[in-house]
Amino acid sequence: MTTRSPSTRRRNGNDPAATAALERPREVAAAVEAWFARAGRTLPWREVRTGYTALVSEFMLQQTQVSRVVPKFEEFMRRFPTVAALAAADEQAVLAAWQGLGYYRRARLLHAAAKAIVERFGGRVPETVDDLVTLPGVGRYTAGSIASIAFGQRVPIVDTNVARVLLRVAGREGASGDPAIVAWAWDEATRLVEAASDPARLNEGLMELGATVCPASTPACLLCPLAALCRARANGEVGPVRAKPTPTRRTRVYHHVVVVRRGDELLLERRASTGLWASMWQAPTVEHDSLLDVDELAPRLALRVTGLSRVREFEHQTSHRTVVFVVHEARTRSRDGTWAARAALAEYPLSNPMRRILADALTPPSPNRPVRARSS
DNA sequence: AAGACGGGGGC
DNA sequence: GCCCCAGTCTT
């Protein structure tokens with residue numbers, strides 16, 4: 001019943017198979033919407049839909065799996081229940097509430113977005129993509145997601161889930177994060193949302209389908225509402241879909257951490273405002289591209305210490321680095337700097353590995369306590 | 001156009 | 001180990 005417009009052919013470029021992909025956008029949209037209405041998960045941000053719940057959940061969900069977001073979202077909403085509360089909060093408190101989620105820049109951008117909403121939009125989350133994308137940390141995807149899911153606007157969205165689903169339905173080869181593929185997917189998603197009965201249901205359904213039924217590695221085609229319309233399945237080519245065309249290599253960096261303890265207190269310093277773990281706190285740390293022994297480390301410390309000794313080391317992986325934490329202990333007579341008591345530690349934003357290091361340092365010494373990470 | 005940016009879980 | 005994930009910003 002669907003006729004293909006001349007422009008459809010043109011906008012799909014030089015891949016004839018791709019054009020056929022969403023030849024029946026109305027059927028695809030209807031199948032996704034019906035499936036989502038039946039099989040969509042119950043999630044905290046789906047219980048009450050407001051611009052603010054959409055804003056917070058979308059920021060947290062950027063490059064982060066739903067299961068990791070759920071507990072953080074609920075905690076965050078209790079701590080900062082409204083845009084105004086978030087805008088008025090201290091940045092350190094926002095970072096601390098983000099603790100453990102990673103990609104901490106998102107926390108700072110969300111805070112900045114809340115302030116912008118108060119200043120420029122009277123404290124109400126804007127409803128259009130054009131307004132939303134003016135907010136810090138809000139790109140094309142997040143803007144479309146908030147506009148469609150919270151406010152029912154008929155706008156498309158493409159994240160890695162949607163791109164992968166469309167790739168498979170179209171029987172197209174490629175990586176879901178490839179810019180050319182993403183551009184093509186936006187085009188297809190636009191056509192789908194125009195054919196949808198309920199744009200919010202379609203968009204959320206496409207993402208949910210990608211996240212649950214049609215993941216990158218092993219899709220569950222028997223459960224898929226699009227199985228009959230899927231070109232990859234018809235071709236018997238439902239293989240893995242890569243996210244990145246070319247993975248980047250990890251570099252190795254050594255963080256020489258010096259734990260300075262005085263009774264129940266630990267000496268802390270703040271990290272730089274850019275880069276890894278920006279603006280978060282740590283025990284005094286010397287970063288170097290190779291392992292330093294104690295004699296090399298001592299002169300690089302800003303603080304005069306005694307009894308500097310290496311305790312243990314362990315590795316921590318981030319997306320672009322292997323961070324080798326070389327943990328030391330030392331004493332000082334200086335009272336300068338920021339000293340944090342155990343009870344106050346929760347208020348300081350700390351990376352997960354740093355939190356473990358400090359927690360270990362405050363654990364009462366026991367000769368039988370097992371070493372929690374490999375020593376060398 | 002390519003990198004940087006966290007962390008945990010799947011396999 | 002490698003790869004993944006409701007992306008965005010910077011260079």
Salt bridge present between [X] and [Y] (N-O < 4.0 angstrom):
{"X": "A:E194", "Y": "A:R154", "answer": "no"}
{"X": "A:R252", "Y": "A:E315", "answer": "yes"}
{"X": "A:R231", "Y": "A:E23", "answer": "no"}

Exercise. Classify the side chain of A:R106 versus the base of C:dT8 as yes if they form a donor-acceptor pair under 3.5 Å and no if they do not.
Key: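 Flag unset: no donor-acceptor pair detected.
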Quiz prompt | N/O donor-acceptor pair, side chain A:T64 with base B:dG6, under 3.5 angstrom | solution =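 Flag set: donor-acceptor pair detected.
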Practice problem: Ignoring hydrogens and angles, tell me if any N or O in the side chain of A:R261 forms a donor-acceptor pair with the backbone of A:R331 under 3.5 Å. | Solution: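 Absent.
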Self-check item: A:V138 or A:R250, whichever maps to the more 5' nucleotide of DNA chain C
Solution: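 Its nearest nucleotide lies further toward 5', so the answer is A:R250.
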May I ask you to say what [X] touches in the nucleic acid, namely base, sugar-phosphate or nothing, with a heavy-atom cut-off under 4.0 Å?
{"X": "A:R164", "result": "sugar-phosphate"}
{"X": "A:P136", "result": "sugar-phosphate"}
{"X": "A:T142", "result": "sugar-phosphate"}
{"X": "A:S145", "result": "nothing"}
{"X": "A:S67", "result": "nothing"}
{"X": "A:P353", "result": "sugar-phosphate"}
{"X": "A:R46", "result": "base"}
{"X": "A:I157", "result": "nothing"}
{"X": "A:G177", "result": "nothing"}
{"X": "A:W45", "result": "base"}
{"X": "A:F59", "result": "nothing"}

Exercise. Check whether NZ of the Lys or CZ of the Arg A:R262 lies under 6.0 Å from the centre of the six-membered ring of A:W339 and within 45 degrees of that ring's axis.
Key: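 Cation-pi check for A:R262 and A:W339: passes.
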Practice problem: Give a yes/no answer on whether the side chain of A:Y103 brings an N or O atom under 4.0 Å of OP1 or OP2 in C:dC9. | Solution: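 Looking at the OP1 and OP2 atoms of C:dC9, neither is under 4.0 Å from any side-chain N or O of A:Y103.
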Quiz item: Can you tell me if the side-chain N/O atoms of A:R108 get under 4.0 Å from OP1 or OP2 in C:dC9?
Solution: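 For A:R108, the contact criterion (side-chain N or O under 4.0 Å from OP1 or OP2 of C:dC9) is not met.
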Practice problem: Identify, residue by residue, the members of residues 270-284 of chain A with a heavy atom below 4.0 Å from DNA chain B, and return them in order of residue number, or none. | Solution: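 Listed by number, they are A:G275, A:L276, A:W277.
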